Amino acid sequence: SVLVLLIIAAGIAFSSQYLYFDVLKNMDVSLIEPIGSIIINICSLIVGWYFLGENLTLKKILGVGIGGISIFLLTG
């Protein structure tokens, strides 16, 4: 079962890198990098809360909100 999880993780990592380079062809790196970092942080917070039972604090919620606003400002 660990081997299956490793293969799935490798497939996800490969596909994310492929998508990253595909998007990089069409957009500026100064826009892609900040958005990618924010999305990773938001997803990590959601996974930690939903699957691992981590507490959501006001600081974390505000951080996600500010991250969402920054994505809006970068793309708008």
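This one's a predicted model, so the numbers in the text were calculated from it and none came from an experiment.
A search for side chain to side chain contact (heavy atoms under 4.5 Å, CB included) contacts involving S30 returns D28, not counting sequence neighbours. Taking L19 as the reference, nothing meets the side chain to side chain contact (heavy atoms under 4.5 Å, CB included) condition, with sequence neighbours excluded. By the side chain to side chain donor-acceptor pair (under 3.5 Å) test, E33 pairs with Y20, sequence neighbours left out.
Sorted by first and then second residue, the side chain to side chain donor-acceptor pair (under 3.5 Å) pairs with a member in residues 6-18 form an empty list; sequence neighbours excluded. Pairs passing the side chain to side chain donor-acceptor pair (under 3.5 Å) check and including a residue from residues 54-66, sequence neighbours excluded, do not occur.
Residues I32 and L24 approach most closely at CD1-CA, 3.5 Å, considering heavy atoms. P34 approaches V29 most closely through the heavy-atom pair CD-O, 4.1 Å.
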Would you list the atom pairs, donor with acceptor, under 3.5 Å between side chains in residues 41-50 and any protein atom, with sequence neighbours excluded?
{"from": "N41", "atom 1": "ND2", "to": "S37", "atom 2": "O", "distance (Å)": "3.2"}
{"from": "S44", "atom 1": "OG", "to": "I40", "atom 2": "O", "distance (Å)": "2.8"}

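Side-chain heavy atoms closer than 4.5 Å link hydrophobic residues (I, L, V, M, F, W, Y) into clusters, and following such links, even through other members, never connects F14 to L5. Tracing side-chain contacts under 4.5 Å through hydrophobic residues (I, L, V, M, F, W, Y), one never reaches I66 starting from L74; they form parts of separate clusters. V23 and I35 fall within the same hydrophobic cluster, where Ile, Leu, Val, Met, Phe, Trp and Tyr residues are linked whenever their side-chain heavy atoms come under 4.5 Å apart, directly or through other members.
I8 belongs to a hydrophobic cluster whose other members, connected by ILVMFWY side-chain contacts under 4.5 Å either directly or through intermediates, are V4, I12. Side-chain contacts under 4.5 Å among hydrophobic residues (ILVMFWY), followed directly or transitively, place I69 together with F72, L73.
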